[in-house]
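Below is one structure, written out as structure tokens, with a few remarks after it.
Residue numbering restarts at 1 for every chain, and letters A, B, ... go by the order of the sequence lines. Please read all numbers here as calculations on a predicted model, not as lab measurements.
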Amino acid sequence: MKRRITLHFPREAVHEPITYRMAVEFDVAAKILRAQIAPNQSGTMVVELSGDIDDLAAAEQWLMAQGLGINLTPGQITINPDVCVDCGICSSLCPSGALASQAPTWQLHFDAQRCLVCEQCIPSCPLGAIALELRGP
Amino acid sequence: MALQPRSEADLRDRQGRGQLRVSTALAFRQQVAAAGLEAAYAATDVVVASNAEFTDQASLVLNLGPSDPPIRIRRFQLDGVGGWGGHGSTDLVLPIGGGLVEPLRRGGAQVLTALLAGQELDLSARGDATALHPRRELDSRLDLDRIGSGRLLLHRGIVENGLVAVSSAEGLTPSPYGPLLGPYGTALYSCSGAASIGLAMPGLALLGPGSPVLVAGALGWVSGPGSGHQPQPRRLASGHARSPGAVAALTVELHGLRSEWLRACFFEGHGSALLVAIAAPVPLINLAVARQCAALDQALEAPVLDFSIPRRIRPSFGAVSYSQLLAGQIQVDGQPVACAPAHSPRLAASIAEELVSQLQEGRFPLRLPLVPLPNRPALVPLEV
């Protein structure tokens, strides 16, 4: 499974090679989505963790033991109307019905309130019109 | 009198006088529903049908001038995308598809849209080094102004009917129409139904080599039968194809293309492709043509095929009507399956409106085909 989190680094933990250790010790892959880290300063990093659910839990426990703060990162799906052609491919995969289009206009309608942020729509869009917009930290 | 057949000369005469009566396929069907077929035929000269579908079965041909010393290009890279020479000594042939294994996921489609956007692209080429063309290598930069002429070749530019893709496999199955969730979780359909060119004009009967069509805003031409042309598919009693059927290949000049109706895209697990909006006039030369043009979505159908089976003949789940497809749900093996268009009805409607204007204002030629598309099937299985 995947989990997206924001890591808050205290100054003393910035030197720790955390993505390497998560891979080697917990078999968890960390994809860095955004980072603001500098030597001898506190920093933040948004990462997407992929791995077995128990390994993810163990990795998060270890991160907290290193003194890092952890927040689940909220995000929302955004659609670029200049790129979207209202083809409807994304709506076929949307499990919540947040993405939908219908006759006669076939204009893609996105209901953010219904969106589960499952992100299945992002790679489905052949035009790359859909993105995940991260909020914070 | 108004129900008499019309000749090409009649229609061109009307167009010349600024009196050509043109409707979109949708408006024509509404007129038929409101006033009846004969009244709608009497009031309409030409119906415009349109498609905006994805295709990777296309090539871009760029004709460059000679370098000094001359080179006979064998292979080249344009903006990091590889292609071949082999036509004229400095002609470039770039496949629109591809890019599947490249990290930047780019094919000829992305190069084409970059050129249309006015970008200057890196060109590196290798040549054969002959006595007349001694140069072995060439590095330069290209933009639209430095390309003398170019053509987009759409090998399956207009297809008579589309199909419905489903997957019987677990998880996501990549397809040329987009990812399919299986088993039987989602369906994608490639053709818009009654408003499409092939279902407004069964057999593409009013298109032949030299027929003008509007391709992404530019004047394009039918060059002949396209890849997989099958003029004799199973047909409904009305003459409409029950499967993809006849195919017209198109050619269009590069510099007239407008990015508004031409988009580069990339399908996960399949590669680069283009979304191209195309509109074609359907001259109502007699009542029979008008009747076929007025067919309703509930009377038209497309085959449902299993795209998780990578075989030449994919398992079929019969056919579904376009009214079901447009309503968003079909039945596959007795189970309801949500479906969505894998084309752009909005861009198709937009280019149809453009062609209506061009025909009414006499800016688009109106021609009946000199010869029809050939009756010989081009879909010949490759035996190995």
**OP:** Give every residue pair that meets the salt bridge (Lys or Arg N to Asp or Glu O under 4.0 Å) criterion with at least one member in residues 177-197 of chain B, sequence neighbours excluded.
**Re:** none
Which side chain or backbone donor-acceptor pairs connect chain B with chain A at less than 3.5 Å?
residue: R263(B); atom: NH1; partner: V83(A); partner atom: O; Å: 3.2
residue: F266(B); atom: N; partner: P126(A); partner atom: O; Å: 2.7
residue: S344(B); atom: OG; partner: V85(A); partner atom: O; Å: 2.6
residue: R346(B); atom: NE; partner: D86(A); partner atom: OD2; Å: 2.3
residue: R346(B); atom: NH2; partner: C84(A); partner atom: O; Å: 2.9
residue: R346(B); atom: NH2; partner: D86(A); partner atom: OD2; Å: 3.4

Original post:
Going from SG on C87(A) to CG on L188(B), what distance comes out if it is rounded to the nearest 0.5 angstrom?
Top reply: 8.5 Å
Subject >> Under 4.5 Å from any heavy atom of chain A - which part of L181(B) >> reply: both
**OP:** Evaluate the side-chain proximity of P126(A) to F266(B): yes if any heavy-atom separation is below 4.5 Å, no if none is.
**Re:** no
Original post:
Can you name the residues that form a side chain to side chain contact (heavy atoms under 4.5 Å, CB included) with A129(A), not counting sequence neighbours?
Top reply: V83(A), C84(A), C125(A)
**OP:** Sort A342(B) into side chain, backbone, both or neither according to what part of it lies under 4.5 angstrom from a heavy atom of chain A.
**Re:** both
**OP:** Drop me the distance from F267(B)'s CZ to I89(A)'s CD1, to the nearest 0.5 angstrom.
**Re:** 4.5 Å
Original post:
Side chain, backbone, both or neither: which part of L26(B) has a non-hydrogen atom closer than 4.5 Å to chain A?
Top reply: neither
**OP:** Could I get the full list of side chain to side chain contact (heavy atoms under 4.5 Å, CB included) partners for A349(B), not counting sequence neighbours?
**Re:** none
Original post:
Top residue by heavy-atom pair count (under 4.5 Å) with chain A, among G178(B), P179(B), P174(B)?
Top reply: P179(B)
Subject >> A264(B) versus chain A, the contacting section by heavy-atom distance below 4.5 Å >> reply: backbone
